[in-house]
Amino acid sequence: MISGKHLSLCLLLATLPALAAESDPAGAARAMALVRTLARPAPARTAYTEVRFVGMLDRALVLRGEMTWLGGSRLQRSVVTPYPETTTIDGDTATLQRGQRAPQKFSLGRAPELKDLLGSFIALLSGDALALARNFTLHAYGNQTAWTLDLAPRDAAVARRIRDISIDGSGKTLRCMRVDETDGDTTFTLLGPLGDAKLPDAPTPTPAGLATLCAGA
């Protein structure tokens, strides 16, 4: 038997191919409804693998760890490999702990692109569609098996650093977040089941291989 919530999700995702620009109020409303289906009770933990493609590096930088939404505007991002590091976000303040070093605090107001990026993780894990829509325009497409949510930064300062963010998922499960920067650097963050999975093309993953994995192909 299909529950009421599951049926609502199926009906919602069936409409995703019609989601368009923000100028379509109904489409924007459906995109926000999709985000709300991702809500989890705090604390919400998810394994992740982050793969950064940086122009000045010969190969991708791969980080593995756990992301935890602690409730409200609090997020904790722990790196397990290749080095121990924990970043705790509480509102506009970030606390960085590296190994046995003393914690360092800094204001996210000094880095608006980082603030919006971390805020997008919080909004996704908490299902806070309104918070996400305040910082990004939302576009969604796909179906229940594989959907994509594209985010375009509203803030001009953020847009100068981040071109766009693309999120892939299946049903109510997040699979990947891809961040394309204006300087050509790209970061893939694999979430949930993919966060613990073996990377394609390992030990030298490629953007094409990760894009295929994120799309569910």
Side-chain angles (χ1 to χ4, degrees), residues 38-54 56-108 111 113-128 131-132 149 151 161-162 165-170 172-181 185-207 209-216:
L38 303 176
R40 309 179 189 181
R45 294 181 172 85
T46 182
Y48 77 88
T49 295
E50 183 176 287
V51 186
R52 301 177 187 170
F53 296 94
V54 182
M56 66 179 63
L57 299 179
D58 292 334
R59 62 169 57 189
L61 176 63
V62 179
L63 308 177
R64 290 184 182 269
E66 183 178 75
M67 199 96 61
T68 306
W69 173 57
L70 300 169
S73 59
R74 294 179 300 150
L75 178 75
Q76 187 172 80
R77 177 181 177 276
S78 298
V79 178
V80 176
T81 60
Y83 50 79
E85 178 183 280
T86 299
T87 303
T88 303
I89 309 300
D90 190 349
D92 288 338
T93 301
T95 303
L96 178 65
Q97 175 77 57
R98 287 178 174 165
Q100 300 302 314
R101 300 178 186 176
Q104 296 178 311
K105 289 190 176 183
F106 61 93
S107 171
L108 291 176
E113 70 280 0
L114 179 59
K115 179 180 179 180
D116 278 10
L117 181 58
L118 293 171
S120 67
F121 274 113
I122 293 172
L124 289 169
L125 293 175
S126 64
D128 191 343
L132 199 62
L149 180 67
L151 312 179
R161 293 289 302 274
I162 297 177
I165 298 173
S166 180
I167 299 148
D168 292 304
S170 177
K172 294 193 290 184
T173 301
L174 293 169
R175 293 175 58 84
C176 300
M177 174 183 282
R178 172 175 176 163
V179 179
D180 290 317
E181 300 181 34
D185 293 348
T186 297
T187 299
F188 287 84
T189 302
L190 312 183
L191 300 163
L194 291 186
D196 290 323
K198 181 180 178 181
L199 294 176
D201 307 315
T204 55
T206 64
L210 290 172
T212 300
L213 178 67
C214 289

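Side chains of M177 and L124 form a contact here, defined as non-hydrogen atoms less than 4.5 Å apart. Looking only at side-chain heavy atoms (C-beta outward), P200 and L213 come within less than 4.5 Å of each other. Here the side chains of D116 and I162 are not in contact, with every heavy-atom distance at 4.5 Å or above. You'll find the side chain of Y48 stays beyond 4.5 Å of the side chain of L174, heavy atoms only.
Distance alone, capped at 3.5 Å, is enough to place a donor-acceptor pair between the T206 side chain and the G209 backbone.
The list of side-chain hydrogen bond (donor to acceptor under 3.5 Å, both in side chains) pairs with a residue in residues 60-74, not counting sequence neighbours, reads T49-R64.
E113 is linked by a side chain to side chain donor-acceptor pair (under 3.5 Å) to R161, counting only residues two or more places apart in sequence or in another chain. By the side chain to side chain donor-acceptor pair (under 3.5 Å) test, Q104 pairs with no residue at all, sequence neighbours left out. Not counting sequence neighbours, T86 has no partner by the side chain to side chain donor-acceptor pair (under 3.5 Å) test.
Taking CE of M67 as the start and CG of L118 as the end, the distance is 8.0 Å to the nearest 0.5 Å. Distance OG1/T87 to CG/L75: 9.0 Å, rounded to 0.5 Å. For the atom pair CD of E50 and CG of L190, the computed distance is 9.5 Å after rounding to the nearest 0.5 Å. In this structure, E181 CD and R52 CZ are separated by 9.5 Å, a value rounded to the nearest 0.5 Å.
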#### Entry: CA sep, side-chain torsions, deciding dist, call: F188, L199, side-chain contact (heavy atoms from CB on, under 4.5 Å)
CA-CA 11 Å; F188 287 84; L199 294 176; over 6 Å; no
### Task
Dump the intermediate steps for side-chain contact (heavy atoms from CB on, under 4.5 Å) on L132 and L149, then the final yes or no.
CA-CA 11 Å; L132 199 62; L149 180 67; 4.2 Å; yes
### Query
Step by step, would you call L151 with I167 a side-chain contact (heavy atoms from CB on, under 4.5 Å)?
CA-CA 8 Å; L151 312 179; I167 299 148; 3.6 Å; yes
### Message
Would I122 and D128 count as a side-chain contact (heavy atoms from CB on, under 4.5 Å) here? Give the steps.
### Response
CA-CA 8 Å; I122 293 172; D128 191 343; over 6 Å; no
Contacts under 3.5 angstrom, residues 88-96 side chains, donor-acceptor by atom type, not counting sequence neighbours:
residue : atom : partner : partner atom : Å
T88     : OG1  : Q76     : NE2          : 3.3
D92     : OD1  : K115    : NZ           : 3.0

Which pairs of donor and acceptor atoms, one on a side chain in residues 38-45, lie under 3.5 Å apart (sequence neighbours left out)?
none

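When all heavy atoms of R175 and C214 are compared, the pair lying nearest together is NE-O, 3.2 Å. Between V79 and Y83, the closest heavy-atom pair is CG1-O, 3.1 Å. Closest heavy-atom contact between A211 and R178: CB-NH1, 4.1 Å.
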